[in-house]
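Just so it is clear, the model here is predicted, and its values are computed rather than measured. Each chain gets a letter, A, B and so on, in the order its sequence line appears, and its residues count up from 1.
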Protein chains: 2
Amino acid sequence: MPAIKDVAQRAGVSVATVSRVLNDHPAVRTDTRDKVLAAVADLGYRPNAVARSLRTHQTRALGLVISDVLNPFFTELARSVEDAARDRGYSVVIGNADERPDLQDHHVRTLVDRRIDGLLVSPTDGGSPLMLDAARTGTPMVFVDRWIEGEGLDEVPVVRTDGGAAVRDLVAHLHALGHRRLAIIAGPAATTTGRERVDAFRSALREFGLALPAEYIGQGDFQADSGRRVTARFLDLPRPPEAIFAADNLMALGAMDEIRSRGLRVPDDVALAAFDDIPWFVHTDPPITAIAQPTGDLGHAAVGALIDRIEGRPAASVTLSARLVPRRSCGEPEGSTP
Amino acid sequence: MPAIKDVAQRAGVSVATVSRVLNDHPAVRTDTRDKVLAAVADLGYRPNAVARSLRTHQTRALGLVISDVLNPFFTELARSVEDAARDRGYSVVIGNADERPDLQDHHVRTLVDRRIDGLLVSPTDGGSPLMLDAARTGTPMVFVDRWIEGEGLDEVPVVRTDGGAAVRDLVAHLHALGHRRLAIIAGPAATTTGRERVDAFRSALREFGLALPAEYIGQGDFQADSGRRVTARFLDLPRPPEAIFAADNLMALGAMDEIRSRGLRVPDDVALAAFDDIPWFVHTDPPITAIAQPTGDLGHAAVGALIDRIEGRPAASVTLSARLVPRRSCGEPEGSTP
DNA sequence: CTGAAAGCGCTTACAG
DNA sequence: CTGAAAGCGCTTACAG
């Protein structure tokens with residue numbers, strides 16, 4: 001691959017001049033610019049971004065550490081992040097933590113070593129020392145979807161969805177359909193979304209005079225298998241719940257697997273609802289009632305906040321809201337025509 | 001962030017020595033190694049990968065350009081690629097082409113500019129000049145899933161799935177269930193998988209004495225919308241097909257959308273099958289018959305081949321096979337208990 | 001076993 | 001408007 005000096009030589013100028021035309025520096029005579037451009041074209045020259053980054057101390061790359069690529073929610077998020085970043089001249093490097101803190105750390109480390117300009121993370125856990133370090137060390141950072149608290153993390157903006165109202169709508173919906181024994185498959189307590197969704201569910205239940213007994217809170221990890229496991233436990237209870245709320249779409253998938261494998265039917269035997277909506281929910285048997293996040297807006301806002309930080313502007317946290325999308329998995333809505 | 005010279009200073013040695021202990025060079029006295037390591041720990045020093053890459057001419061990063069992140073097949077592929085790469089000490093940078101040749105080129109360019117050590121690509125189209133250039137320019141490359149032919153591309157290994165036998169099995173299955181008018185929602189003719197799946201379908205039909213008339217071949221682009229559009233056209237035909245085979249899972253999603261919106265039922269009104277299996281196919285109404293690719297093996301083999309090329313070993317193409325997973329979307333299999 | 005020095009491919013004050 | 005030179009943070013022959 002040709003280097004800048006090859007271009008300079010061919011164009012009969014210095015490397016400084018080549019660099020100037022490449023960077024659109026105004027002070028270059030038109031004819032020398034043309035000569036340089038011709039040489040660039042002849043050689044098929046492409047600037048080495050590694051060398052440029054070393055010199056300029058910026059990579060024009062953003063790191064994005066997501067909890068699980070196999071989760072359509074994160075995949076959509078990643079897509080909107082990439083779109084927004086590209087629009088602003090940044091590329092994004094994705095790391096998939098697979099809901100594993102060790103893998104998350106691995107990616108944070110790698111990304112920081114590669115000197116990405118900023119880091120977008122949706123933490124899998126309560127925050128490792130390494131994560132805190134990255135934040136303190138000066139790498140601009142923003143949390144998306146999930147976040148962590150800690151020494152030196154107050155400065156880190158959080159871009160997320162508040163599902164509170166939507167969860168309340170869901171509970172109202174379930175209540176109206178006659179369900180009284182409601183259970184939740186929770187995400188890891190180490191994650192904010194894991195805790196918040198349970199809290200929101202619990203307080204909505206209280207509003208309707210309903211309790212959330214311990215045996216109706218199943219501990220999942222946001223992945224399908226845990227949804228299966230927790231659902232099995234629920235269904236084995238002497239008084240199983242009438243409705244199950246899965247805190248993400250993969251655990252809902254696991255729940256369906258388990259329900260189906262027992263020959264039971266949704267919603268006749270158990271109602272089911274999920275946090276996070278996905279296109280397939282329209283076609284499942286029955287279509288699944290879900291809480292939809294504005295994923296695209298989330299990604300755009302996160303990138304906006306991160307670039308603000310990178311470029312030295314103050315960046316604010318952003319909270320968007322989710323909405324309930326009622327379908328048939330909790331029972332036939334009143335006044336509907338089946 | 002501290003640089004190597006800060007470590008050297010604190011440890012009272014030269015930067016060369018620090019570099020040696022960081023790279024596990026054997027010729028370092030134990031006590032100086034300890035001093036250096038202590039300084040590294042004190043400062044929280046992390047080597048700058050950008051500088052290292054510039055010096056060593058390798059980034060230990062692989063580029064992966066996939067056609068569509070929102071397609072679960074590619075998402076699974078990306079995951080297995082990342083796993084395999086990580087095991088071998090490489091990280092992977094993903095670029096999402098969104099089935100758009102221009103975006104694909106953008107990513108290839110960016111990745112090559114960043115001097116990734118090798119490129120894994122699943123081309124969206126017939127191959128842009130830029131792509132050919134990347135291959136010729138010396139960037140080690142391997143095609144996954146889809147590939148392109150062209151001047152200078154003979155050397156590029158192809159790691160893919162041959163769906164021929166599975167497609168034949170599918171046609172046999174449809175035939176056994178009494179379907180005779182079979183249609184296909186094809187992928188772009190510019191892609192190998194787009195063409196191959198039609199070819200395989202056509203020759204399987206021929207084997208059963210069936211024709212594949214032009215109006216039963218709908219041109220899609222591997223995304224959901226096109227599945228909807230093509231299905232609408234099929235259903236508007238004076239003699240609509242009895243069965244529709246979608247060449248990927250997103251077009252199958254679009255087909256279901258369209259079928260449902262017309263108040264028709266699968267498989268009673270039309271049978272449906274898809275290339276690529278996904279976990280949700282078990283829970284759709286009805287469960288969808290699909291052709292499953294060994295995605296994990298595909299990713300591992302692709303990484304293996306690419307690293308072979310990078311490290312100067314000869315790399316071979318790999319062809320794996322797909323298998324039919326019959327479910328209920330084509331009709332009740334003989335001898336089954338509903 | 002260790003250090004001084006060159007060099008990877010760029011950019012950017014500083015002169016002229 | 002252009003060039004010579006320094007320097008980004010490393011690694012690695014080459015001496016000693």
Side-chain angles (χ1 to χ4, degrees), chain A residues 1-40 43-61 89 110 112-117 137-139, chain B residues 1-40 43-61 89 110 112-117 137-139:
Chain A
M1 280 193 182
I4 196 171
K5 71 164 168 321
D6 301 310
V7 178
Q9 197 172 325
R10 183 173 246 262
V13 299
S14 73
V15 296
T17 299
V18 176
S19 177
R20 288 197 191 90
V21 349
L22 259 22
N23 292 290
D24 287 315
H25 187 106
V28 186
R29 259 173 43 204
T30 315
D31 57 326
T32 90
R33 157 178 305 266
D34 291 347
K35 268 192 311 191
V36 170
L37 259 19
V40 165
L43 297 171
Y45 170 74
R46 296 250 80 214
N48 182 328
V50 174
R52 185 190 300 224
S53 293
L54 179 60
R55 193 38 241 245
T56 60
H57 298 282
Q58 54 164 355
T59 50
R60 298 240 99 195
T110 307
V112 171
D113 285 356
R114 291 186 192 278
R115 299 298 189 266
I116 40 97
D117 293 342
T137 242
T139 307
Chain B
M1 280 192 182
I4 195 169
K5 71 165 169 321
D6 302 309
V7 178
Q9 198 172 324
R10 183 173 247 263
V13 299
S14 73
V15 297
T17 299
V18 175
S19 177
R20 286 195 193 93
V21 350
L22 259 22
N23 292 290
D24 287 316
H25 187 106
V28 186
R29 257 172 46 202
T30 315
D31 57 328
T32 90
R33 155 177 308 264
D34 291 346
K35 269 192 309 193
V36 170
L37 260 16
V40 165
L43 297 171
Y45 170 73
R46 295 250 82 214
N48 182 327
V50 174
R52 188 192 298 227
S53 292
L54 179 59
R55 195 37 243 243
T56 60
H57 298 281
Q58 52 165 356
T59 51
R60 299 239 99 195
T110 306
V112 171
D113 285 356
R114 290 185 192 278
R115 300 297 190 266
I116 40 96
D117 292 342
T137 240
T139 307

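Only one option out of B/Asp31, B/Leu37, B/Val36 pairs with B/Arg33 in a side chain to side chain contact (heavy atoms under 4.5 Å, CB included); it is B/Leu37.
Here the closest heavy-atom approach between residue A/Pro47 and residue B/Arg115 is recorded as O-NH1, 3.9 Å. Considering every non-hydrogen atom in both B/Ala27 and B/Arg20, the closest pair reads O-CD, 4.5 Å. Across all non-hydrogen atoms, the minimal contact from B/Asp113 to A/Arg46 is OD2-NH1, 2.6 Å.
When heavy atoms are screened at a 4.0 angstrom cut-off, B/Thr32 is found touching the sugar-phosphate backbone but no base atom. Heavy atoms of A/Val50 sit nowhere under 4.0 angstrom from any nucleic acid atom. Using a 4.0 Å heavy-atom criterion, one finds that B/Ala3 contacts the sugar-phosphate atoms exclusively. In this structure, B/His57 reaches the sugar-phosphate backbone alone: every heavy-atom distance under 4.0 Å involves primed, P, OP1 or OP2 atoms, never a base. Residue-level contact check: B/Arg29 touches the backbone only, with heavy atoms under 4.0 Å from sugar-phosphate atoms and none from bases. Residue-level contact check: B/Ser19 touches the bases, meaning some heavy atom is under 4.0 Å from a base atom.
With hydrogens and angles ignored, the 3.5 Å screen pairs no side-chain donor or acceptor of B/Thr59 with any backbone N or O of B/Ser53.
Using a 4.0 Å cutoff to heavy atoms of chain B, the contacted part of DNA chain C runs 5' to 3' from C/dC1 to C/dG9.
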> Is there a side-chain contact (heavy atoms from CB on, under 4.5 Å) between A/Lys35 and A/Val13 once you walk through the steps?
Replying inline: CA-CA 9 Å; A/Lys35 268 192 311 191; A/Val13 299; 4.2 Å; yes
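Between A/Leu22 and B/Val13, the one whose closest nucleotide on DNA chain C sits nearer the 5' end is B/Val13. Each of B/Arg115 and B/Ala16 was assigned the nucleotide of DNA chain C with the nearest heavy atom; the assignment lying further toward the 5' end belongs to B/Ala16.
Across all strands shown, C/dG16 forms a Watson-Crick or G-U wobble pair with D/dC1, both key distances being under 3.5 Å.
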